[in-house]
Amino acid sequence: MRKTIAGAAFALVLASSLLAGCGNDTDKTQGSGSPVQTDTDQSETEKVETEQSETDETGTPESEESTSGQEGETEEVPVLKDAVMDIMGCRIGCAATEGELNDEKVWEIITTHFNAITFGNELKPDAMVGYSVGSCPGTEEAELNGETIVVPKLDYSRAERMLDKIYDWNAEHPDDKIMVKGHVLLWHAQTPEWFFHVDYDKNKEYADKETMNKRLEWYIRTMLTHFTGEDSKYKGMFYGWDVVNEACSDGDHVYRTDSENPNESLSEDRHGSNSSWWHVYQSNEFIINAFIYANKYAPADLELYYNDYNECMDNKIEHIKELLTEIKSREGEPGVGTRITAMGMQGHYSMESPTFDKVDYAIRQYARIVGNVQFSELDLKASEGYDGSDEAKETEYKKQYGRYKLLYNVMQTENEAEDISVTSITFWGTVDHYSWLQSSSNVGGGSTENLPQCPLLFDEHYQVKPAFYAFTEKKN
């Protein structure tokens with residue numbers, strides 16, 4: 001199946017529409033991926049793939065003639081979701097904010113090439129309170145396990161506007177539906193500081209664990225019931241949900257603590273590095289509880305994930321494995337035990353790191369514990385010295401094609417293993433100029449050098465790049 005896409009002129013991007021990446025501490029890594037790896041060892045598989053793809057690293061796919069992206073051209077390209085389903089048998093998705101979804105050129109790309117979407121910001125905790133991060137927007141009473149508790153008022157409007165657009169598309173195209181992944185129920189970064197304090201007032205003392213357990217269960221129950229419950233308009237639209245995001249440390253200890261970054265105050269409205277969840281609990285109890293509550297309230301067919309970055313670093317792999325092992329060991333019936341479906345490997349990589357050996361190793365390590373992995377926020381930070389000029393862009397696009405091609409080879413190889421499934425691939429954005437890497441983020445990640453970036457499959461003219469074709473081809 002092939003579809004024609006008309007060329008389009010470049011559209012200037014407003015900063016407010018950039019994705020806030022679920023990223024890392026920017027002083028530790030390149031972008032939101034792993035730091036530069038000094039380990040240059042290659043597995044035999046990788047050596048063979050590299051030899052077979054040497055021309056790909058410096059050349060261009062045969063179909064590049066149709067990817068020039070010049071204004072006014074009409075291009076005919078394969079449909080990405082059909083190609084990935086044929087090769088991998090899995091979902092192919094993208095992330096988008098509300099602003100991007102309202103860009104009709106982006107919407108055309110999404111409906112043509114993707115069958116899954118993750119909202120970049122609109123289902124995060126701060127969005128659910130209307131971005132009232134400095135103070136609680138108001139409270140109301142709710143019933144929880146026979147007890148009346150006081151909870152913040154939630155604002156579903158941003159997420160619902162996006163969901164309604166997808167809902168209408170799905171109703172008109174029942175054989176070509178777009179499924180949604182929820183992102184994210186528990187995260188240290190975009191959760192307002194006041195949520196952790198007595199009376200939701202950050203000037204008062206921290207709430208105790210018993211109080212926070214009630215707040216956490218209420219929040220997870222409310223989100224899952226509202227968006228996936230039997231009476232929800234959006235029932236059946238969600239295929240999975242990130243339950244916990246980025247709870248493991250990049251340092252020597254397993255879990256992200258309240259002093260991950262000593263230069264960041266816990267009194268900040270929301271955190272890039274430090275965890276107020278940890279400050280209250282001083283253990284991983286809140287992580288385990290989140291998976292227990294998600295299992296209690298999620299439909300049985302809703303997939304539940306742990307999601308993290310720097311997932312190919314040696315020490316981070318060990319930390320994530322320890323967490324996944326404990327979550328898995330506590331699995332049980334809804335209301336009693338946890339449930340986890342897959343490990344979300346964010347995949348915020350650079351052109352230099354991680355090595356494909358590291359990616360391959362990480363997939364196998366996580367799959368041995370939970371069986372399934374997914375690439376949940378995939379993109380590539382530009383090469384050192386890339387300046388965005390036409391000459392540099394031509395070279396970078398070719399290199400990017402080669403790197404994505406070899407990465408996709410690794411995914412295909414591991415997906416063929418009997419005990420491993422790569423269940424989805426999601427790019428963190430659609431077109432380059434909307435990428436979160438184009439600006440910095442106060443909750444971690446993004447660009448810190450103000451350098452141009454071209455991390456995705458579609459360029460600033462909304463045209464496919466050579467990298468697009470890496471995901472339409474079977475491994476060499």
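Fair warning: this is a prediction, and the values are worked out from it, not measured in the lab. Just so you know, these numbers use all the heavy atoms, side chains as well, and skip hydrogens, waters and symmetry mates.
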Pair N310-D250, side-chain donor/acceptor within less than 3.5 Å: yes

Stacked cation flag R215 on F196, 6.0 angstrom / 45 deg: no

Check: F468 ring centroid to Y404 ring centroid under 6.0 Å: no

Flag for E260-S275: side-chain donor and acceptor within less than 3.5 Å: no

side-chain hydrogen bond (donor to acceptor under 3.5 Å, both in side chains) partner of Q346, the single match among E246, Q374, E311: E246

H433 and Y462 aromatic centres sub-6.0 Å: yes

Heavy-atom closest contact (H188 atom, N245 atom, distance): ND1-O, 4.4 Å

Listed partners of N372 passing side-chain hydrogen bond (donor to acceptor under 3.5 Å, both in side chains), at least two apart: none

Test applied, ring-ring contact (aromatic ring centres under 6.0 Å, His included); reference residue, Y408; option that passes from F375, Y469, F471: F471

Side-chain donor-acceptor pair present, T426, K181, cut-off under 3.5 Å: no

Cation-pi, Y309 ring and K316 (6.0 angstrom, 45 degrees): yes

D459 bridged to K393 by N-O distance under 4.0 Å: no

Charged tip of K81 within 45° of F114 ring normal and under 6.0 Å: no

Residue pair E100 / T97, side-chain donor-acceptor N/O under 3.5 Å: yes

Residues K475 and T413: side-chain donor-acceptor under 3.5 angstrom: yes

is_close_aromatic(W218, H226), centroid dist under 6.0 Å: no

Donor + acceptor pair across side chains of K465, Q400 (<3.5 Å): yes

Distance under 6.0 Å and angle within 45° of ring axis: R91 vs Y239: yes

Over 12 non-hydrogen atoms of neighbours within 6.0 angstrom of CG in D168: yes

Pairing residues for N145 by the side chain to side chain contact (heavy atoms under 4.5 Å, CB included) criterion, not counting sequence neighbours: E217, K296, Y297

Whether Y281 and F286 hold their rings parallel, tilted or perpendicular, with breakpoints at 30° and 60°: tilted

Student check: side-chain heavy atoms of I87 and Q412 closer than 4.5 Å: yes

Test ring-ring contact (aromatic ring centres under 6.0 Å, His included) applied to Y167 - qualifying residues, sequence neighbours left out: none

Closest non-hydrogen atom pair between W428 and A95, with its separation: CE3-CB, 3.4 Å

Centroid-centroid distance, W241 to F238, less than 6.0 Å: yes

Sub-4.5 Å side-chain heavy-atom contact between V243 and Y305: no

